[in-house]
Amino acid sequence: MMTAFESHAIPLLLLLLLTPINASIHDYSNEAFTHRSDAFFFHGGSEALLAKSFIRFETVTFTRPRESAMGQGRMQQNTGLVEAILLEVRDRNRIGGAYLKSDLICCDPKLAKERICNLGEVIIQKNPDNLELPKRIKTFFQGTDEQVQMDTTTLDINATGMYYLYFMFCDPTLKGTTIQGRTVWRNPKGYLPGKMAPLMTLYGFMSLAYLLLGLCWFLRFVQFWKDIIHLHYHITAVIALGMCEMAVWYFEYANFNSTGTRPMGITLWAVTFTSVKKTLSRLLLLVVSMGYGVVRPTLGGNRIAYRVLLLGLLYFVAYEALGLVEHLGNINDFSGKTKLLLVLPVVCLDSCFILWIFSSLSKTLEKLQAIPKPWTRRNLAKLELYRKFTNTLAVSVLLSIAWIGFELYFNATDPLNELWQIAWIIPAFWCLLSYALLLVICVLWAPSRNPTRYLSFAWPSCGE
């Protein structure tokens with residue numbers, strides 16, 4: 001039976017998990033509690049933590065409405081209770097009255113009379129395998145005080161898991177209470193959340209992979225510099241951007257790991273490098289599919305060139321906006337609807353690229369196959385080149401569709417990030433696929449002493 005806490009909290013958790021948290025230092029700025037069932041709660045953060053980590057409460061202050069404070073006696077003690085509750089995601093059923101087959105979150109007089117819980121507190125059932133969790137920290141208002149500050153407390157994490165922090169109260173007279181201050185979450189090797197730590201290693205390896213590819217391409221470029229065509233410069237730019245992108249992301253994650261925050265400047269550069277590289281990669285696939293540098297020296301006129309540039313510009317703007325929301329936003333800045341509105345343009349533009357790429361590939365292959373017999377041997381290498389390229393793109397699209405399906409299934413079946421230790425493979429796949437496509441292009445279009453295997457200025461039907 002699902003408790004009232006679960007039935008109301010899970011949709012909220014889904015929203016929070018779809019929106020990235022800004023840092024391992026969670027700041028609260030006069031934020032309100034949400035009313036659910038018979039309790040009020042505020043989500044203080046959720047992160048994957050390894051054993052020997054800690055969470056520290058710093059200057060966490062609660063402010064209740066003046067009316068609530070004035071309704072108490074000046075000399076009274078404990079005139080309002082706010083609880084900080086830390087739980088591992090697998091213990092979520094232990095918050096509230098699920099084990100009592102009740103929808104209550106807070107202890108009522110009947111349960112208090114049976115000595116199951118204390119009146120006015122959140123019902124918590126301890127985990128028999130780890131009696132420290134769920135963890136409860138109580139903070140009481142005194143007399144007619146409108147504010148109370150939590151003691152500076154450090155909670156040691158002794159077991160690896162996905163942890164959630166909630167601030168909760170059961171007293172309806174505290175309605176309107178706000179929270180400010182911050183909590184610091186730190187893993188043994190730094191502030192980087194456990195879910196993100198493998199990505200720093202990934203970006204480090206990808207930086208080296210792009211560096212190695214760039215070195216091989218540069219040596220080939222220098223060796224045949226007299227036979228270089230414009231397409232080779234475009235490929236060089238994509239390799240350089242990919243290397244810079246991975247290096248900047250590695251530096252951004254390393255800085256996050258050491259400081260606990262994500263400086264806007266570094267993150268902005270990382271997002272921009274990614275946007276530029278993704279845009280140029282798609283433009284490279286498009287112009288290669290059109291036969292640029294292989295069966296035609298130009299794109300076929302200014303009209304087509306302007307359309308290509310316009311599509312690239314629109315994609316850059318859309319992806320940059322999405323990247324800024326994902327990496328510079330915090331848990332309270334953007335709703336799920338806002339993010340959806342930013343994802344849709346990227347998806348639509350990606351679809352336009354895919355349709356245009358395969359349409360252009362089809363036309364290019366038709367032209368190569370329609371070559372008159374005297375030109376067959378001379379252009380056989382080009383036809384084989386484009387067949388290999390077409391097959392590679394087809395495989396990559398099929399893999400992308402399959403992976404998107406897996407990603408949707410993964411997110412749907414793991415809404416609370418219980419599988420956080422393997423979640424890094426989802427972004428890793430896209431990094432590896434992008435690299436693999438670039439590697440194939442570098443192999444197929446590598447500089448050589450025979451530039452005529454690319455260009456065919458003697459074939460007038462391909463000039464337009």
Side-chain angles (χ1 to χ4, degrees), residues 18-20 230-231 233-246 248-249 264-265 267-293 296 298-329 333-364 389-390 392-394 396-397 399-401 403-404 407-408 426-427 429-431 433-435 437-438 441:
L18 288 172
T19 312
H230 288 296
L231 182 63
Y233 291 105
H234 295 184
I235 296 173
T236 303
V238 174
I239 295 174
L241 283 169
M243 186 165 50
C244 292
E245 176 198 11
M246 293 296 106
V248 172
W249 275 119
M264 183 176 293
T267 307
L268 182 60
W269 274 108
V271 170
T272 302
F273 269 117
T274 299
S275 301
V276 173
K277 184 249 183 178
K278 282 184 174 292
T279 301
L280 288 185
S281 297
R282 282 154 177 74
L283 291 177
L284 176 62
L285 290 174
L286 180 57
V287 298
V288 166
S289 301
M290 290 179 172
Y292 176 65
R296 61 170 67 189
T298 68
L299 293 180
N302 290 335
R303 186 176 179 182
I304 295 179
Y306 288 147
R307 287 164 59 189
V308 170
L309 290 175
L310 178 61
L311 181 59
L313 179 62
L314 290 174
Y315 186 85
F316 170 77
V317 172
Y319 197 89
E320 180 81 357
L322 177 61
L324 292 177
V325 169
E326 287 184 330
H327 298 285
L328 291 180
D333 285 343
F334 301 99
S335 67
K337 291 182 180 179
T338 301
K339 188 174 180 181
L340 181 62
L341 289 175
L342 293 171
V343 169
L344 285 176
V346 175
V347 172
C348 292
L349 291 170
D350 264 328
S351 301
C352 291
F353 268 114
I354 292 173
L355 291 174
W356 200 352
I357 285 171
F358 278 97
S359 173
S360 300
L361 271 176
S362 177
K363 293 178 181 177
T364 302
F389 181 60
T390 302
T392 301
L393 276 184
S396 69
V397 170
L399 286 175
S400 298
I401 293 172
W403 195 257
I404 289 172
E407 189 173 342
L408 292 173
I426 292 177
F429 171 82
W430 299 113
C431 288
L433 181 63
S434 177
Y435 182 82
L437 277 175
L438 181 59
I441 290 177

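- Aromatic ring pairs are classed by plane angle as parallel below 30°, tilted from 30° to 60° and perpendicular above 60°; the pair Tyr319 and Tyr315 is parallel.
- The shortest distance between side-chain heavy atoms of Ser360 and Leu286 falls below 4.5 Å.
- A donor-acceptor pair is defined here as one N or O able to donate and one able to accept, closer than 3.5 Å; such a pair exists between the side chain of Ser396 and the backbone of Leu393.
- Under a 3.5 Å cut-off, the side chain of Thr274 and the backbone N or O of Ala270 do form a donor-acceptor pair.
- In this structure, Cys244 and Phe273 approach most closely via the heavy-atom pair CB-CE2, 3.7 Å.
- Between Trp356 and Leu311, the closest side-chain pair of non-hydrogen atoms falls below 4.5 Å.
- To the nearest 0.5 Å, atoms OG (Ser362) and CD1 (Ile357) are separated by 13.5 Å.
- Here Cys431 contributes atom SG and Ile426 contributes atom CD1; the two are 12.5 Å apart, rounded to the nearest 0.5 Å.
- One finds the CD1 atom of Ile354 at 11.5 Å from the CG atom of Leu349 (value rounded to the nearest 0.5 Å).
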### Worked check of side-chain contact (heavy atoms from CB on, under 4.5 Å) between Glu320 and Val346
CA-CA 10 Å; Glu320 180 81 357; Val346 175; over 6 Å; no

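- Proximity of Leu313 to Leu309: side-chain heavy atoms (C-beta onward) are nowhere separated by under 4.5 Å.
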### Message
What verdict does the side-chain contact (heavy atoms from CB on, under 4.5 Å) test give for Thr267 and Leu324, after you've listed the backbone C-alpha separation in whole Å, the side-chain angles of each residue and the deciding distance to 0.1 Å?
### Response
CA-CA 8 Å; Thr267 307; Leu324 292 177; over 6 Å; no

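- Separating the OG1 atom in Thr272 from the NZ atom in Lys277 is a distance of 15.0 Å, to the nearest 0.5 Å.
- In this structure, Leu322 CG and His327 NE2 are separated by 8.0 Å, a value rounded to the nearest 0.5 Å.
- Listed here is the closest heavy atom pair of Ser400 and Leu433: OG-CD2, 3.2 Å.
- For Ser275 (side chain) and Phe316 (main-chain N/O), no donor-acceptor pair under 3.5 Å exists by modelled atom type.
- Interatomic distance, Ser281 OG to Glu245 CD, rounded to the nearest 0.5 Å: 8.0 Å.
- Between Trp430 and Trp403, some side-chain heavy-atom pair lies under the 4.5 Å cut-off.
- Between Leu361 and Phe389 the shortest side-chain heavy-atom distance falls below 4.5 Å.
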### Check against side-chain contact (heavy atoms from CB on, under 4.5 Å), Tyr435 and Ile239
CA-CA 9 Å; Tyr435 182 82; Ile239 295 174; over 6 Å; no

